[in-house]
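The shown structure was predicted, so the numbers you read here are calculated from the model rather than taken from an experiment.
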Amino acid sequence: MLVAARPLLDVVIVSYRCKGLLRHCLSSLRDHPPRGGMTVRVVDNASGDDTAEMVRRDFPEVSLTVAPKNLGFGAASNVAIGAGSAPYVLCLNPDTRVTPGSLDRLLDLMEERIKVGISGCRLELEDGSFDYAAKRSFPTPLSALGHFTGLGRQRDWGALAAYRAPEVESGPVDAVNGAFMLIRRSALDEVGLFDEGYWMYMEDLDLCYRFAEAGWVTWYEPSVTVIHVKAGSSGPVRSPRLNYAFHYGMFRFYREYYAPTRSRLVSFAVYAGIAVKLVISVARNGLRGATGDRQLRPQPRATEPRREALFS
């Protein structure tokens, strides 16, 4: 893994009981470093297993911080971001693997387009299919309804499908996924780090929103591909704490940015919808856990690492 005297890139990874996935992620960085050099910083959220020992033993070039408790994604990322000084920061999930030339291509893009504050890429599932979470529009009540009911996923146009930003093939987009988010540090210095009020989920959308408000562009670049093990970090079934964090994130985002300009009736309907969705999601996931339905829990191949749940 290449480390220059003044590296161009700080890579930030937050881990929690995902040793196998993290090993593959760090190996991909070691195999495919950028030309300008990089530092890699892992913040382990008190995994309590031998994840930290694996990093110390197998990746001595990686800067490791072991948090005294589970800080959540945003707060742990901020710890690593604050420890670096490179012009660019890559927030990377441990369930990803970078591919040859991917870091150089996006860094070149950021150098060429000085108004791009955040860039993302095509996230590809292990079977080669596209992860539609790679790019998103800022949510509206109608697009969220389309997304969570599944109606919007059956079409490539219209208000119900807008959540997935189907009209954007390449270029400026509202938001990219926090699984792979390349950020200009000078823009972070201006806008601020992740909002630590989001323990898990929505902090990436919140950051993109604040960047847009400050005049920075978020860019989606599909010519660059990174592998994403879908649900490799969170697990196929969310724990109650994750479920609460996910829905609280939606509530917090709406309250912060949309509620001040909406009528009380509309806001009440949105909050009620979030609450109902939370109850349904908790009940459904509880049923899945109780029945042990293996069809709802994809099993890893024997050659793959166990897909531990991040932040469970």
**Q.** Cationic N near anionic O, under 4.0 Å, Lys19 to Asp49
**A.** no

Q | Ser47 backbone acceptor or donor facing Asp44 side chain under 3.5 Å | A | yes

Q. Do Asp174 and Val168 have side chains that get closer than 4.5 Å, going by heavy atoms?
A. no

Q.
Let me confirm one number: the OG-CH2 distance from Ser170 to Trp219, rounded to the nearest 0.5 Å.
A. 5.5 Å

Q.
Membership question, hydrophobic clusters at under 4.5 Å side-chain separation (ILVMFWY): are Leu125 and Val176 in the same one?
A. no

Q: Can you see which heavy atom on Asn70 is nearest to which on Ala46, and at what distance?
A: N-CB, 4.2 Å

Distance-only check: which donor-acceptor pairs under 3.5 Å involve side-chain atoms of residues 206-217, not counting sequence neighbours?
unit_1	atom_1	unit_2	atom_2	d
Asp206	OD1	Arg210	NE	2.8
Asp206	OD1	Arg210	NH2	3.3
Asp206	OD2	Tyr198	OH	3.3
Asp206	OD2	Tyr257	OH	2.6
Arg210	NH1	Val191	O	3.3
Arg210	NH1	Leu193	O	3.4
Arg210	NH2	Leu193	O	2.6
Trp216	NE1	Glu190	OE1	3.1

(Q) Has Arg184 got a side-chain atom pairing as donor or acceptor with Met110's backbone, closer than 3.5 angstrom? (A) yes

Q.
Checking the side chain of Asp10 only, and the main-chain atoms of Ser85 only, is there a donor and an acceptor separated by less than 3.5 Å?
A. yes

Q | side chain to side chain contact (heavy atoms under 4.5 Å, CB included) assessment of Leu278 paired with Met250 | A | CA-CA 11 Å; Leu278 171 60; Met250 289 193 289; over 6 Å; no

Q: Kindly indicate whether the side chain of Leu26, heavy atoms from C-beta on, has any atom under 4.5 Å from the side chain of Val42.
A: yes

**Q.** Donor-acceptor under 3.5 Å (Ser28 side chain, Val98 main chain)
**A.** yes

**Q.** Worked verdict on Arg185 versus Tyr88 for side chain to side chain donor-acceptor pair (under 3.5 Å)
**A.** CA-CA 5 Å; Arg185 186 178 288 274; Tyr88 298 99; over 6 Å; no

(Q) Would you call the rings of Tyr258 and Tyr254 parallel, tilted or perpendicular, taking 30° and 60° as the class edges? (A) perpendicular

Q. Do other residues, nucleotides or ligands put more than 12 heavy atoms under 6.0 Å from the CZ atom of Arg57?
A. yes

Q) Counting distance only, does the side-chain N/O of Asn78 pair as donor-acceptor with the main-chain N or O of Phe194 below 3.5 Å? A) yes

**Q.** Path from Val266 to Phe138 over hydrophobic side-chain contacts below 4.5 Å
**A.** yes

Q.
According to a hydrophobic-cluster definition based on side-chain heavy atoms being under 4.5 Å apart (Ile, Leu, Val, Met, Phe, Trp, Tyr only), do Val173 and Phe130 belong together?
A. yes

Q. What's the spacing between Arg23 CZ and Met54 CE if we round to 0.5 Å?
A. 5.0 Å

Q | Point-to-point distance, once rounded to the nearest 0.5 Å, from CZ of Arg136 to CG of Asn177 | A | 5.0 Å

Q. Quick one: CG on Asn93 to CZ on Phe180, what's the gap to the nearest 0.5 Å?
A. 11.0 Å

Q. Quick check: does any side chain N or O of Thr99 sit under 3.5 Å from a backbone N or O of Thr225, one acting as donor and the other as acceptor?
A. yes

Q.
Hydrophobic clusters here meaning ILVMFWY residues chained together by side-chain heavy-atom distances under 4.5 Å, can you tell me if Ile13 and Ile227 are in one?
A. no

**Q.** Closest non-hydrogen atom pair between Asp104 and Pro34, with its separation
**A.** OD1-CA, 3.3 Å

Q: Report the distance from atom CZ of Arg97 to atom CG of Asp31, rounding to the nearest 0.5 Å.
A: 11.5 Å

Q. Atom CG in Asp58, atom OG in Ser27: separation rounded to 0.5 Å?
A. 8.0 Å

Q. Do side-chain atoms of Arg122 reach the backbone of Ala134 as a donor and acceptor pair under 3.5 angstrom?
A. no

